[in-house]
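We name chains A, B, ... by the order of the sequence lines, and we start the count at 1 in each one.
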Amino acid sequence: MNDNPAVNGNHAMNLEQKSMRDVFIDAIYERMKGNDKIFFVSADFGSPKLDRLRRDFSDRFLNVGIAEQNLLNVSTGLALEGFTVYAYAIAPFLTMRAYEQIRNNLSLMSHVRELNVNLIGVGAGLSYDVAGPTHHCLEDISILRNLPNMVLFSPSDWYLVQEFADYSLQVKAPKYLRFDGKPLRRIYGNGSGINSGINMKDGFTEIKKGSGICIVSTGFMTHRALEAAARLARQNLDVGVIDFYVLKPFNEESFRKVLGNYACVITIEEAFINKGGLDSIVACAVNGMDTHIKRKHMGFGDSYVFDMGSRDALHRLYGLDEDGIIKNILECVKDLA
Amino acid sequence: MNDNPAVNGNHAMNLEQKSMRDVFIDAIYERMKGNDKIFFVSADFGSPKLDRLRRDFSDRFLNVGIAEQNLLNVSTGLALEGFTVYAYAIAPFLTMRAYEQIRNNLSLMSHVRELNVNLIGVGAGLSYDVAGPTHHCLEDISILRNLPNMVLFSPSDWYLVQEFADYSLQVKAPKYLRFDGKPLRRIYGNGSGINSGINMKDGFTEIKKGSGICIVSTGFMTHRALEAAARLARQNLDVGVIDFYVLKPFNEESFRKVLGNYACVITIEEAFINKGGLDSIVACAVNGMDTHIKRKHMGFGDSYVFDMGSRDALHRLYGLDEDGIIKNILECVKDLA
Amino acid sequence: MVWIKVEKNDKRLLIDSITKKARWVRKETLKVHKIAQGTRIASSLSCVEIFSVLYYGKLLRHNPKDTKWDGRDRLIVSKGHGSICLYPILADMGYFNLDELARVCREGSFLGAIPDPIIPGYETVNGSLGHGIGVGCGIALALKRKGNERKVFVIMGDGELYEGAVWEAVMFAGQHKLDNLIVIIDNNKACMLGFCRDIIDIEPIGEKFAQFRWNALRIYGHNVETLYDTLKGLAEGKQDSGQDSSQDVKQDMGRDVGYDVGPNCPTVVVADTIKGKGVPALESDPISHIRNLSPDEIDKIMVTLP
Amino acid sequence: MVWIKVEKNDKRLLIDSITKKARWVRKETLKVHKIAQGTRIASSLSCVEIFSVLYYGKLLRHNPKDTKWDGRDRLIVSKGHGSICLYPILADMGYFNLDELARVCREGSFLGAIPDPIIPGYETVNGSLGHGIGVGCGIALALKRKGNERKVFVIMGDGELYEGAVWEAVMFAGQHKLDNLIVIIDNNKACMLGFCRDIIDIEPIGEKFAQFRWNALRIYGHNVETLYDTLKGLAEGKQDSGQDSSQDVKQDMGRDVGYDVGPNCPTVVVADTIKGKGVPALESDPISHIRNLSPDEIDKIMVTLP
Ligand SMILES: Cc1ncc(C[n+]2csc(CCOP(=O)(O)OP(=O)(O)O)c2C)c(N)n1
Ligand SMILES: Cc1ncc(C[n+]2csc(CCOP(=O)(O)OP(=O)(O)O)c2C)c(N)n1
Ligand SMILES: [Mg+2]
Ligand SMILES: [Mg+2]
C-alpha cells in the first residue's frame, strides 16, 4: 500500500480539482457508446457535462421532471427489463423523498430480482453549504445502510469515482453513490497512475499508516483527515488515516485486522453522529474484538445547521475543521498516556 | 422501583390484552371532549375504536385518503395554526413514504416553529407478520432517530400508551409513536394502579434488576425479554431487564448509571441490528464509560423477512424467541466467567 | 406458452368458459379467506372477473413454465392486497400446485396475506400502494427501446389513485406516449375507511387521465363479455375498441364514457365494480375492506353462489 | 399593521407606485445575486411582479412587527429557491434591515441562497419543492375551523407541479372546498434542465386543476394592473374577478382562460411569466435556471433596466 499518495507525500501532484459527477458522467458516457443497455435518468438535475450525454444518447436519456418517486419507479421498471440504470438527483431529495420507493422497489425487490440501478446523489453532507438545511444531507449514510441488498459508495475523490464506473456495471445490485457537490482534489492513483490502494471489496484503504491513533473517515472528510494528519506528522505524531468508500458491503474481517493495530480510533463524517452512520460501522467492528479500542466520534450533533457560511466556515463552527480534529486527537493522546 | 410488576411477580394480574391504538384512540377521544384544539388525521387507516371519534368529532377528524405525504403536510399546516395533531397510518408507510415530509416539515421546521404533531405508526416490527416485508417495519427506529427535534416513543404495553396521552399534549414537539399492531399484555401499572416505574424523562425503566447481565429491549421484545428472564430466574440466573420506551430524547446519564451495574448488556429489538437502532443507543452510552461493558446485539440481520408464519414462528426462525435470548445470555455467562 | 389465437366463432364458448372459471375463482378465493383470515376478501372479490378474463380469456401472453419469458405481457398487480383471487388462477395455470391454496399464510408457505414477488407469476413488489404504475412506465419504455411489442397491464385500486406517486407516473406516461401501457382500475368505489366519494371524490376518473393525455375507457367490471371485448381490443393494440356502450353499470357514479385523445397514448380502463362482489353483507358495507368473513359465514355464502 | 383600504380613485397612483417598486425590486434582486452567486437569479426574476403586487398593492395583510399576528394572511413561498426577490421587499417592509441585503450567503447572515423560516416573513420550510400546497391546505382548513377569515396564498413553480405530493394536495383542497386557499403558479415555462413542455407538458394547467374542482384563472404575470385586479378580487373573496381578458400573454402556451366550477372552491392563478424577466440573455435560455450572471454582466444589465 506504499504506493499511496499520502504515504508518498505526493500531494503536489494531486491538486487538480474535479467534480465527482462530471467525472462519472463522462465515464458513463464512454460506456454508453459501446453498451446500448444503459439508461441515464435525471429528476430535472443537470450539469454541463450532461448536455453531451443528453444530446448523443437522446433515446436512453430521460428527464422525469421534479418527481423523485417516479425517478425511482421508472428506473426500477427499466432495470427489470435488463437495463443498467443511472438515476441522478440531488442527494437529500433522491434519498429521502423517494425513500420508500428505494426500500420497496430496489432494496426489497432485489431479494428476488436482479436490479442494477445506480442512484447518484449529488450533494453529500454540507456540499450545498449556503443552500441551507433542506439541501444539506446528513442522514443518507444511516438511512441507506438500513436497506438490505444495497451497495453504498461514499468516495473521497474523483479517481475513486472513475474506478467505480466499471464496478457499477459489473456488480448488478442497487447502489447509492454519495457524491460530493464540490470539485475536490485527487487522493488516489497519483502521478504514476498507480491505484493498487483501492480495494472495492475491502471497502476501505489505510491511506496513511500511523501508530496508536487512527482516523476513519469517508467522503469529503478524508481530505480534512489527511490535512490534520499531515499537520500532526510535522509535530512527529504519527496518526493513521483509513478512508472508507464502500460502506456496504465491506470486508469486516480486513477492517478489524487494520483496526487491531491501533489503540484509539476517531471517526469523522459529515453526518449526524451516533445515528447509524460511519461511527456505527466502527462501533460494530470494534465490538467483539479481542483488543479494547477506544472510540471517538466526530460529526454533527442532533440539530440541523441553519448557520450561513461556506463549508469551511461551518466546519469551523461545529469543530469539524482540522483544528477540531487535532484537538480530538490530542485528547486521545492524553487518554492513552 | 420495587412497585414494578415484574419485580412483584404479579404477572397473573396483567393478562388482559389490549391493542395500543385502541387504548390511545380512546384516550385522545376523551381529551378531544374538553379540548377543541385537537385534530385527528388518518391516511385511510382505521380501527373500530376510531368510528366513535369520527362520528362525534367529525369537524376535527380528517381522512386524507391513501396519501401519506399529504397526511404529513396537512398535519403540519394544522399544527402551525396551533392545533395538536394526531396523524395515524400504518408504520412503514407513515415513516418511509413520507420521510422527507417528516424531515423537512416536522423535524427541521420545529427548529423555528412549535409543532405538536404526533405521528401514530401502527405495525412496529413484525406485527403484521403474514402481510410480508412491505408491511414489516424494521427501519423506523433508526431513521426516526436521525431526525433532530423529534420525540421517539416505542412502548411495550398499553398502559404506557395511556400514560403517554397527556405527555403528547404537554410536550409540544413532533413525535413518532411506534405502536405494536397486535394486542399485548400489560407490563406497567399493575393491580394497585401504581405506575411510579414509568419515567418519560429517563425514557426507560429497569423493570427487573439483575446481576452481571441485563437485557435492554423496546416494544414487543420487552415481553420476550421478561419471559426469558423469568425462565432463567427459575434456574437461579438473575438477569436484569431494562425497557426503553422514549428512545429520543432520554436521560443518558441515568441510563449509564443503571448500565454501570452490569458487566454485559444484550440489546433486543425488532429492527435491523447495527444500523442505528436501540443497539446504537447502547453502543453510544457505553462508549466513554469507565467500566468496560460487553455488548451483544440481537435483532434482524441485513435481509428482509420473506418467510411466512406467525410472529412467534418468525422469531423462532431468526433466533429471536426466548430460546434464542437464553442462548445468548448463556454465552455471555460463559464469556464473563 | 399458454397464449393461443381465438377465432370469432369460438367466442360464445369462450365467454361461457371464462364465466364458469370466474365462478370457481370466486369460490376458491373465499376458501382461501376461510383459512387465512389475514387476507383482504372484499378487495379480492371485486377484481375476480378482471383477472379471469385476462387469464382465461387468453388475452395475457404468459408462460407458467418460464416466468421470465421475454415474450410475456407484463402484469403488475399494484393493488396486491386485493389480488388474492389471483392465487387460484395462478395455481390453475400451473404456476404452482393447487395444494398451496390450503397453506396460505401458514408457516413455510410462499403465499401470504399480501403477495410478494417470491410468488411465481407476480412481477413486482406490490404490498405498498402507488408503485405499480410508475414501475409499469419504466417497463413499458424499456420494452419500446428493446423493440419488444408486448404490453404492460397494471391493475390498481381506485383509492390507490390518491397517492401522488401515481400522478407522477400518469404525467410521465402521457408525455412519453406509452401506448403499450394499459392501466385497469378496479373502481369498486371504496378504500379502507369508507366510500371514496366521501374521502376524496375523484370521479370522473377517466376525464382526469384524459387531461394528462391518456385514452380512457369505462366499462362494467363484472361483465365478462364487456371486459373481454375491451381488453382483447387493447391487447391487440386497438385503443378504442370494446367500449361498453350498453352501460351495464350498477354503482357507476362517473360521467365519462370514453376519451380518445389520439394515437400513441396510454390507456386507462375504469372498470366499475362492486367491493365484496358476490357477498351481500360486504357489498353494502362501506368498510367491507376490513371485514373478515368467519368460516361459518363463508360456508353459508358458498351455497348461495352460482 | 400594514394593510389599509384602497379607494378606487387611488388606483392609478397605486399601480404606478407598485410598478416603480417592482423595478426597484428587480434591481435589488440582481444586486443580491451579484454578491451571492449561489442564488437562483432567473427563477427569482419571473415572480418580481407577483410579490410586488401582493406587498406593495397592500393585498396581503401582514405585520412586520408581529410575524405571528393572527390577522395576517399566510403566504407560503413554495418555490423558495426562486424567491430571492422577496428579500428586498421584506427588508423594505421592515422585517429586517436593508443592510442585510449586502450580506446574503455571508457568514453570520440569516439570508441564504435558499430562504429558511429563520427569516422573518417566511412562514414555512421551502427549499424542497412540492411541500407548500399541502401545508397550505392544512393551514387553510385550520383557519376555517378557527373561524379566522384570512387567506392562504401559495406561490409555486410550474415545474414543481411534477411532484406527486402537489396532486395529493390538489385533490384534498378540491374535496374540502378550501375557498380560502389561493395558489399562484409562476408559470415561467421552464424548470432546471429545460422547458417544461419538453420534459412533461402539463398545459393547460388550469384545466387540470378545474378537473379536481378548483377555480382556475390565467393571467399575464408581469402586468402589474392585471395582477392587481385579479389578486385583489381573490383577496376580497371574489373568485371570478380580475380575469385578464386582454390576454397580454407573450409565451402563453395554455388554452385555458378561466374556470368557475362553483362557489367554495380553492383558486389557482396561472400567471404566465418569463424566466429571467428583464435580462435578455436569461429570457431566451432554456437552462437559465442554472445560469449565474457575473458581476460584470449585472453591471451592464443594470443600466438597461427601467
Ligand atoms: C402506501 C400504502 N398506504 C396504505 C396502505 C394500506 N392499505 C391497504 S389496502 C388500502 C385501501 C385500498 O383501497 P383501493 O385502492 O380502493 O383498493 P381496493 O381494496 O378497494 O380494491 C389501504 C389504505 C398500503 N397498503 N399502502
Ligand atoms: C424536491 C426537490 N427536488 C428537486 C429540487 C431541485 N430544484 C430546485 S429548483 C428546481 C427547478 C424548479 O422549477 P420550477 O418549479 O418551474 O421553478 P422556477 O425556478 O422555474 O420558478 C429544481 C429541480 C428541489 N429543490 N426540491
Ligand atoms: Mg377501492
Ligand atoms: Mg418554472
Side-chain angles (χ1 to χ4, degrees), chain B residues 32 35-44 57-87 89 93 97-117 119 147-149 174, chain D residues 67-76 78 80 110 114-148 150 152 154 156 163-176 178 180-181 212:
Chain B
M32 281 176 91
N35 180 344
D36 62 1
K37 299 292 275 177
I38 299 176
F39 246 99
F40 199 105
V41 192
S42 165
D44 195 34
F57 302 107
S58 60
D59 59 331
R60 287 183 287 134
F61 173 86
L62 270 180
N63 181 359
V64 298
I66 311 171
E68 291 78 11
Q69 298 184 92
N70 205 39
L71 174 74
L72 260 293
N73 289 354
V74 167
S75 296
T76 300
L78 292 167
L80 281 170
E81 291 297 327
F83 285 98
T84 295
V85 183
Y86 296 89
F93 309 127
R97 187 65 150 261
Y99 187 64
E100 203 236 2
Q101 278 77 17
I102 300 175
R103 188 234 194 224
N104 282 327
N105 292 334
L106 297 187
S107 164
L108 200 159
M109 186 127 67
S110 63
H111 188 93
V112 273
R113 305 267 180 273
E114 188 179 277
L115 289 163
N116 194 359
V117 176
L119 304 175
L147 302 180
N149 309 314
Chain D
T67 58
K68 297 283 176 303
W69 176 43
D70 208 37
R72 76 192 186 283
D73 292 314
R74 277 59 167 172
L75 175 72
I76 297 183
S78 199
F110 54 81
I114 294 180
D116 292 321
I118 53 167
I119 303 174
Y122 276 91
E123 292 275 351
T124 59
V125 170
N126 42 39
S128 171
L129 294 165
H131 293 258
I133 183 170
V135 173
C137 284
I139 295 178
L141 193 79
L143 292 178
K144 279 181 173 289
R145 290 291 184 275
K146 295 199 291 185
N148 183 324
R150 300 321 320 142
V152 181
V154 181
M156 293 178 60
E163 285 287 356
V166 169
W167 296 95
E168 295 183 5
V170 169
M171 287 187 257
F172 179 90
Q175 176 78 12
H176 291 277
L178 300 179
N180 53 350
L181 177 67
F212 292 102

Can you pull out the residues in residues 60-68 of chain B with any heavy atom less than 4.5 Å from chain D? Leu62(B), Val64(B), Ala67(B), Glu68(B)
Heavy atoms only: give me the nearest Met109(B)-Glu123(D) pair and the separation to one decimal. SD-O, 4.3 Å
From Glu81(B) CD over to Leu141(D) CG, what is the distance, rounded to the nearest 0.5 angstrom? 10.5 Å
Per-residue contact mode, Lys144(D) against chain B (heavy atom under 4.5 angstrom): neither
Might you point out which heavy atoms bring Pro117(D) and Val112(B) nearest each other, and give the distance in Å? CG-CG2, 3.6 Å
Contact origin within Asp70(D) toward chain B - heavy atom pairs under 4.5 Å: side chain
Proximity breakdown for Leu80(B) and chain D, heavy-atom pairs closer than 4.5 Å: side chain
Looking only at Gly136(D), Gly130(D), Cys137(D), Ser128(D), most heavy-atom pairs under 4.5 Å shared with chain B are made by Ser128(D)
Measuring only between side-chain heavy atoms, which start at C-beta, is Arg145(D) closer than 4.5 Å to Lys37(B)? no
With a 4.5 Å heavy-atom cut-off, do Asn73(B) and Phe172(D) have their side chains touching? no
Okay, Asp59(B) and chain D: the region with an atom under 4.5 Å from a heavy atom over there is both
